[in-house]
Peer 1: 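Sharing a structure below in structure tokens format, with a few things to ask.
When reading the values below, keep in mind they use all heavy atoms of this one structure, side chains included, and skip hydrogens, waters and symmetry mates. Both counts, for ligands and for their atoms, begin at 1 and track the order of listing.
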Amino acid sequence: MPSVVVVMGVSGSGKSTVGRLLAQRLMVPFLEADDLHPAANRAKMAAGHPLDDEDRRPWLMSVADWIRRATHDGQGGVVACSALKHEYRDLFRQAGAGVWFLYLALDRATADRRVAGRMDHFMPARLLDSQYADLEPLRPDEPGLTVDATADPRTIVDEAVRTVREIG
Ligand SMILES: Nc1ncnc2c1ncn2[C@@H]1O[C@H](COP(=O)(O)OP(=O)(O)OP(=O)(O)O)[C@@H](O)[C@H]1O
Ligand SMILES: O=C(O)[C@H](O)[C@@H](O)[C@H](O)[C@H](O)CO
């Protein structure tokens with residue numbers, strides 16, 4: 001079994017929704033990586049500016065620290081984190097053994113609809129251009145599974161649980 005599952009994808013792909021459900025099913029702790037963003041990052045996104053690599057660095061380090069603790073104490077966990085770029089995911093893989101990715105692949109039109117429909121969130125819909133520009137989909141040499149993010153969240157979780165049990 002993977003130690004930590006990172007549920008990744010662009011804003012609106014369903015990371016929080018699917019990640020919470022998956023953590024419940026696997027009975028492991030859940031981390032919403034958005035909660036670890038420095039205030040400056042949240043303010044920048046809320047003002048309509050996308051984050052760059054430098055903005056993300058301290059945030060990715062905090063997420064990697066959580067992954068390190070979760071793997072070392074043997075508890076494991078599920079993390080909802082955009083993890084858009086290959087190098088960010090490498091950082092997570094270096095933090096602990098057995099890090100595995102569940103990539104929620106979402107078409108742009110659905111992402112637009114979902115993010116525009118969300119009123120209680122700091123992420124403005126116009127930042128989706130930059131999310132897709134930065135996105136580097138999961139590569140075959142990265143451990144994980146790519147799923148269609150428009151499927152029902154429970155169906156996605158069922159498929160993920162089946163796959164992690166198979167590889168375990
Ligand atoms: N599989 C799904 N089918 C239909 N709607 C979904 C699905 N997953 C999530 N949603 C809806 O899409 C919206 C975005 O979901 P969610 O907040 O989980 O995405 P996210 O990837 O965590 O976004 P962000 O990174 O911006 O926080 C929510 O309104 C949620 O209810
Ligand atoms: O990497 C990034 O650009 C950011 O982390 C975003 O992905 C947001 O955290 C999130 O998606 C908004 O809720």
Side-chain angles (χ1 to χ4, degrees), residues 4-26 29-67 77-93 95 99 101-138 142 144-163:
V4 169
V5 178
V6 178
V7 184
M8 56 164 285
V10 296
S11 185
S13 57
K15 303 179 293 289
S16 311
T17 308
V18 170
R20 267 201 189 88
L21 268 177
L22 182 61
Q24 280 167 14
R25 280 282 295 278
L26 296 174
F30 174 67
L31 173 69
E32 172 55 73
D34 276 350
D35 293 345
L36 299 186
H37 268 306
N41 282 1
R42 287 173 164 269
K44 189 170 179 180
M45 289 188 276
H49 305 293
L51 301 183
D52 58 26
D53 285 350
E54 207 169 312
D55 299 319
R56 287 186 183 121
R57 194 166 304 123
W59 170 64
L60 292 168
M61 292 300 187
S62 317
V63 178
D65 275 344
W66 191 93
I67 292 174
V78 172
V79 181
C81 177
S82 48
L84 295 176
K85 295 188 185 183
H86 183 70
E87 63 175 278
Y88 306 163
R89 300 193 290 271
D90 274 353
L91 192 75
F92 294 167
R93 288 173 69 187
V99 174
F101 299 95
L102 177 64
Y103 168 41
L104 305 178
L106 187 63
D107 63 278
R108 178 63 201 258
T110 309
D112 275 328
R113 247 192 335 270
R114 285 189 189 171
V115 172
R118 245 178 2 181
M119 296 303 169
D120 56 342
H121 200 282
F122 62 86
M123 189 85 181
R126 65 185 181 280
L127 283 188
L128 273 173
D129 281 340
S130 68
Q131 292 274 295
Y132 278 92
D134 282 354
L135 174 66
E136 295 171 2
L138 198 63
E142 294 179 287
L145 176 72
T146 297
V147 293
D148 173 6
T150 63
D152 184 274
R154 282 161 304 188
T155 308
I156 296 173
V157 167
D158 286 345
E159 192 183 345
V161 169
R162 219 176 21 249
T163 307

Peer 1: Could you list which atoms of ligand 2 come closer than 4.0 Å to a heavy atom of W59?
Peer 2: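 In order of number, 1 (O), 5 (O).
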
Peer 1: Between the main-chain N or O of V99 and the side-chain N or O of R93, is there a donor-acceptor pair closer than 3.5 Å?
Peer 2: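 Not a single qualifying donor-acceptor pair exists.
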
Peer 1: Within ligand 2, which atoms have a heavy atom of H37 less than 4.0 Å away?
Peer 2: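 What qualifies from ligand 2 is 4 (C), 5 (O), 9 (O).
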
Peer 1: Could you tell me, atom by atom, which parts of ligand 1 come under 4.0 Å of a heavy atom of A149?
Peer 2: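 It comes down to these atoms of ligand 1: 1 (N), 2 (C).
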
Peer 1: On a heavy-atom basis, which atom in A33 and which in W59 lie closest, and how many Å separate them?
Peer 2: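 Taking every non-hydrogen atom into account, O-NE1, 2.9 Å.
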
Peer 1: When you measure from the side chain of D134 to the backbone of K85, do you find a donor-acceptor pair of N or O atoms at a distance under 3.5 Å?
Peer 2: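 Side chain of D134 to backbone of K85, a donor-acceptor pair under 3.5 Å: no, none is there.
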
Peer 1: Answer with yes or no whether G19 contacts ligand 1, where contact means a heavy atom under 4.0 Å from a ligand atom.
Peer 2: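 Heavy atoms of G19 never come under 4.0 Å of ligand 1.
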
Peer 1: Is ligand 1 under 4.0 Å from a heavy atom in the side chain of A80, in the backbone, in both, or in neither?
Peer 2: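 Within the 4.0 Å criterion, A80 makes no contact with ligand 1.
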
Peer 1: One residue to check: S82. Relative to ligand 1, which of side chain, backbone, both or neither has a non-hydrogen atom less than 4.0 Å away?
Peer 2: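 S82 to ligand 1: no contact under 4.0 Å from either part.
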
Peer 1: What part of K15, side chain from CB on, backbone N/CA/C/O, both or neither, has a heavy atom under 4.0 Å from ligand 1?
Peer 2: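 It is both backbone and side chain that touch ligand 1.
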
Peer 1: Can you list the ligand 2 atoms lying under 4.0 Å from a non-hydrogen atom of K15?
Peer 2: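 Heavy-atom distances to K15 below 4.0 Å select 11 (O).
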
Peer 1: Which ligand 1 atoms does G14 reach within 4.0 Å, using its non-hydrogen atoms?
Peer 2: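 Contacts of ligand 1 toward G14, numbered from 1: 8 (N), 9 (C), 15 (O), 16 (P), 18 (O), 19 (O), 20 (P), 21 (O).
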
Peer 1: If we ignore hydrogens and angles and just use 3.5 Å, is the side chain of E136 paired with the main-chain N or O of H86 as donor and acceptor?
Peer 2: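 Yes, because the side chain of E136 sits within donor-acceptor range (under 3.5 Å) of the backbone of H86.
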
Peer 1: Report, in ascending order of atom number, the atoms of ligand 1 lying under 4.0 Å from any heavy atom of V10.
Peer 2: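 Listed by number with element, the hits are 21 (O).
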
Peer 1: I'd like the name of whichever of Q131, M8, R114 reaches closest to atom 12 (O) of ligand 1 through any heavy atom.
Peer 2: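 Ranked by closest heavy atom to atom 12 (O) of ligand 1, first place is R114.
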
Peer 1: Heavy-atom contacts with S82 under 4.0 Å: which atoms of ligand 2 show up? List them by number with element.
Peer 2: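 In order of number, 1 (O), 2 (C), 4 (C), 5 (O), 7 (O).
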
Peer 1: With a 4.0 Å heavy-atom cut-off (strictly under), which part of V18 contacts ligand 1: side chain, backbone, both or neither?
Peer 2: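 Neither; nothing of V18 gets under 4.0 Å from ligand 1.
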
Peer 1: Quick check: closest heavy atoms across L127 and G48, and the distance to 0.1 Å?
Peer 2: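 Minimum heavy-atom contact is CD2-O, 3.3 Å.
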
Peer 1: Number the atoms of ligand 2 from 1 as they appear, then name those within less than 4.0 Å of a heavy atom of S11, with their elements.
Peer 2: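 Within the 4.0 Å cut-off of S11, ligand 2 contributes 11 (O).
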
Peer 1: Can you check whether S16 has an N/O within less than 3.5 Å of an N/O in ligand 1?
Peer 2: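 There is such a contact, yes.
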
Peer 1: What I want to find out is whether R108 reaches D129 closely enough, with some N-O distance under 4.0 Å, to be called a salt bridge.
Peer 2: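 Salt bridge between R108 and D129, a charged N being under 4.0 Å from a carboxylate O: yes.
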
Peer 1: Going by atom types alone, do S16 and E32 pair a side-chain donor with an acceptor below 3.5 Å?
Peer 2: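 Distance-only check passes for S16 and E32.
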
Peer 1: Quick one: does any side-chain atom of R25 pair with a main-chain N or O of R154 as donor and acceptor, under 3.5 Å?
Peer 2: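 No.
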
Peer 1: Are Y88 and C81 close enough that some pair of their side-chain heavy atoms sits under 4.5 Å apart?
Peer 2: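 No; the side chains remain at least 4.5 Å from each other.
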
Peer 1: Any non-hydrogen side-chain atom of L102 less than 4.5 Å from a side-chain atom of I156?
Peer 2: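 In short, these two side chains touch, coming nearer than 4.5 Å.
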
Peer 1: Side chain or backbone, does I156 bring an N or O within less than 3.5 Å of an N or O on ligand 1?
Peer 2: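 So ligand 1 has no N or O lying under 3.5 Å from an N or O of I156.
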
Peer 1: Quick one: does any side-chain atom of K15 pair with a main-chain N or O of V10 as donor and acceptor, under 3.5 Å?
Peer 2: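 Yes.
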
Peer 1: What I'd like to find out is whether the side chain of F92 reaches to under 4.5 Å of the side chain of L60, using heavy atoms alone.
Peer 2: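 In contact.
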
Peer 1: Should you measure from each heavy atom of D34, which atoms of ligand 1 turn up under 4.0 Å away?
Peer 2: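 Checking each atom against D34, I get 27 (O).
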
Peer 1: Look at ligand 1 and say whether P153 reaches it with a heavy atom at a distance under 4.0 Å.
Peer 2: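 Yes.
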
Peer 1: At less than 4.0 angstrom from any non-hydrogen atom of R56, what atoms of ligand 2 do you find?
Peer 2: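 Result: 1 (O), 2 (C), 3 (O).
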
